[in-house]
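What you see is a predicted model; the values in this text were computed from it and never measured. We name chains A, B, ... by the order of the sequence lines, and we start the count at 1 in each one. Below, each value reflects all heavy atoms present in this structure, side chains not excepted, and no hydrogens, waters or symmetry copies.
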Amino acid sequence: MPELPEVEIVRRRLLTCLPGLVLRDVTVNDPKVSEQSEAELRLLLAGRRVAGLRRRGKYLLVDLAASEPCTTDAGGPGEPGGPAVAVIHLRMTGQLVFLPGPGERPARFIWDLEPGTRLHFQDVRRFGRLWALDPTSEEAFFTARGMGPEPFGPEFTVEYLRAELHGRRAPLKSFLLDQRRLAGVGNIYADESLFRAGLHPLRAGGSLGPREARRLHTALLETLQAGIDHEGSSIESFIDPAGQRGSFQDMLRVYQRTGRPCRVCGTAVERVVVGGRGTHYCPRCQPRRRGMAPGPPPRR
DNA sequence: AGTGGCTCCTGGCGGC
DNA sequence: TGCCGCCAGGAGCCAC
């Protein structure tokens, strides 16, 4: 699943080839990929040159410069338009791949780029989304979604983390998956960060002492950075636009290692469901001490 | 306000 | 062997 490190790798790969190309046309094969119609997406995005690529949490942002006067476009008068931002969320299985012709499965949307390239959005589980924004509405877009701070940004300090954890009864695992508290962490990096911090996933957020909060802060940054350094985790279907796989999945210490020995102490890794998400931890390295959140409800 | 549960979606896999 | 049903999970939405 693409989380912050995977989206960052996609951004860096696209940065080597996308800027400077002109987005000639947008084709939508699956209307559910966007709240906006194909016509609206085309109007807002087509005819503009890619100016840059950014990332906010797990969102990929493609900056498009104002369209240039176009006299050669026989398909229409080429609506003059201002700059735009294309926002893409890969969710579970979204992939952006360059393909000269049709892919193995129909892309949910295709960008025709000039000169002569096509960027396909492939997405087996169809959770991914595309938005076309006016740059002036970008902040409102993310404010409406309650996006928390970037882990590597200046706002995410130990003090911020402690303040956000204060008084929370929800399990740490749920806290880390809440994009309103911190942007970009998903299931893999939440489990791995908690392992690195030596904190049980069911500990209540508010039960952490100052040292534990500091450990969690450090662990989050180290784990996310390690994910980026290893070019992401290729679990499920993550490949970057060049078809490269990451290697962080080989470094995982607890995620999807249920029953296998902890790489540190040899104790069998355990799995519980927290907030409906599979959660993996080492019962010895991540002891259930004080401030435990109530466990999952008994099975019906 | 904080929290948990449900929903979307499909390939893959376990069980019979 | 074949088929049915369940599971995974990011984020939006809703209920309490």
Side-chain angles (χ1 to χ4, degrees), chain A residues 1-8 10 29-36 55-61 87-96 103-109 121-131 140-148 151 163-194 201-208 224 227 232-239 249 252 254-259 271-280 291-300:
Chain A
M1 302 128 267
E3 303 180 26
L4 186 153
E6 288 75 28
V7 179
E8 179 61 19
V10 170
N29 294 322
D30 178 1
K32 295 200 80 169
V33 80
S34 181
E35 302 155 4
Q36 295 157 293
R55 180 190 55 73
R56 288 182 74 160
K58 300 174 197 172
Y59 292 84
L60 182 69
L61 284 72
V87 180
I88 299 166
H89 199 305
L90 304 172
R91 293 280 183 97
M92 300 291 300
T93 54
Q95 296 173 354
L96 291 164
E104 283 177 31
R105 62 174 64 243
R108 299 189 67 209
F109 70 77
F121 183 65
Q122 297 184 325
D123 181 21
V124 169
R125 288 192 203 168
R126 300 171 64 202
F127 281 168
R129 293 289 181 270
L130 166 70
W131 297 264
F141 176 86
F142 287 107
T143 302
R145 282 161 176 74
M147 282 273 289
E164 286 294 315
L165 287 167
H166 181 75
R168 298 209 179 265
R169 290 175 297 127
L172 283 174
K173 175 63 181 279
S174 303
F175 175 88
L176 293 180
L177 293 181
D178 187 345
Q179 303 298 298
R180 295 169 298 180
R181 313 291 163 207
L182 180 63
V185 176
N187 214 31
I188 298 172
Y189 293 91
D191 281 6
E192 293 297 313
S193 296
L194 288 171
L202 286 174
R203 283 278 298 276
S207 75
L208 265 60
L224 292 169
S233 314
S234 289
I235 293 175
E236 304 264 327
S237 59
F238 172 71
I239 55 170
Q249 68 277 6
L252 297 178
V254 286
Y255 185 76
Q256 285 190 351
R257 300 194 72 245
T258 311
R271 181 182 184 277
V272 287
V273 175
V274 185
R277 298 289 169 259
T279 299
H280 314 76
M292 285 291 297
R299 296 179 64 160
R300 275 179 284 132

Interatomic distance, A:His166 NE2 vs B:dG2 C1' [rounded to whole Å]:
14 Å
Answer yes or no: side-chain N or O of A:Arg91 and base N or O of C:dG9 forming a donor-acceptor pair under 3.5 Å.
no
Counting only side-chain N and O atoms of A:Lys58, is one of them less than 4.0 Å from OP1 or OP2 of C:dA11?
yes
In chain order, what residues pass the ring pair (Phe, Tyr, Trp, His ring centres under 6.0 Å) check against A:Phe127, with sequence neighbours excluded?
none
Between C:dG10 atom C1' and A:Met147 atom CE, what is the distance in whole Å?
13 Å
Regarding the side chain of A:Tyr255, the nearest nucleotide among B:dT3, C:dA11, C:dG9 is C:dG9
Whole Å only: how far is the CG atom of A:Leu202 from the P atom of B:dG4?
10 Å
What is the ring orientation for A:Phe121 with A:Phe109, classed by angle as parallel under 30°, tilted 30 to 60°, or perpendicular over 60°?
parallel
Would you kindly compare A:Ser174 and A:Arg277 by the position of their nearest DNA chain B nucleotide and give the one closer to the 5′ end?
A:Ser174
Distance, rounded to the nearest Å, where A:Leu90 contributes CG and C:dG9 contributes C1'
14 Å
Rounded to the nearest Å, what distance is computed from the CZ atom of residue A:Arg181 to the P atom of nucleotide C:dA11?
14 Å
OP1 or OP2 of C:dA8 less than 4.0 angstrom from a side-chain nitrogen or oxygen of A:Arg271, does that happen here?
yes
Over how many whole Å does the gap from A:Phe141 atom CZ to C:dG12 atom C1' extend?
12 Å
Just do the ring-ring contact (aromatic ring centres under 6.0 Å, His included) check on A:Tyr59 and A:Phe142 with the steps written out, would you?
CA-CA 10 Å; A:Tyr59 292 84; A:Phe142 287 107; 5.2 Å; yes
According to a strict under-4.0 Å criterion, is A:His89 in side-chain N/O contact with OP1 or OP2 of C:dG10?
no
Between P on B:dT10 and CE on A:Met92, what's the gap in Å once rounded to a whole number?
13 Å
Applying salt bridge (Lys or Arg N to Asp or Glu O under 4.0 Å) to A:Arg91 and not counting sequence neighbours gives none
Between A:Asp178 and A:Arg181, does a salt bridge (Lys or Arg N to Asp or Glu O under 4.0 Å) hold up when you go through it step by step?
CA-CA 6 Å; A:Asp178 187 345; A:Arg181 313 291 163 207; 3.5 Å; yes
Would you say A:Tyr189 reaches C:dG9's phosphate, i.e. side-chain N/O to OP1/OP2 under 4.0 Å?
no
Would you indicate what A:Arg180 reaches in the nucleic acid, counting non-hydrogen atoms under 4.0 angstrom: base, sugar-phosphate, or nothing?
base
Considering just the side-chain nitrogens and oxygens of A:Arg129, establish if one lies under 4.0 Å of OP1 or OP2 belonging to C:dA11.
no
Atom CG of A:Leu176 and atom P of C:dA11 are separated, to the nearest Å, by 13 Å
Tell me whether the side-chain N/O atoms of A:Arg145 come closer than 4.0 Å to OP1 or OP2 in C:dA11.
no
Kindly confirm or rule out a cation-pi arrangement of A:Arg145 over A:Phe141, judged by NZ or CZ under 6.0 Å from the six-membered ring centre and within 45° of its axis?
yes
If you check the A:Arg125 side chain, which of C:dA11, B:dG4, B:dT10 turns out closest?
B:dT10
Any base atoms under 4.0 Å from A:Tyr59, or only sugar-phosphate, or nothing? Heavy atoms, all strands.
sugar-phosphate
Stacking of A:Phe127 on C:dA11 base (centres under 5.5 Å, planes under 30°)
no
Respond yes when some side-chain nitrogen or oxygen of A:Arg126 is under 4.0 Å from OP1 or OP2 of B:dT10, and no when none is.
yes
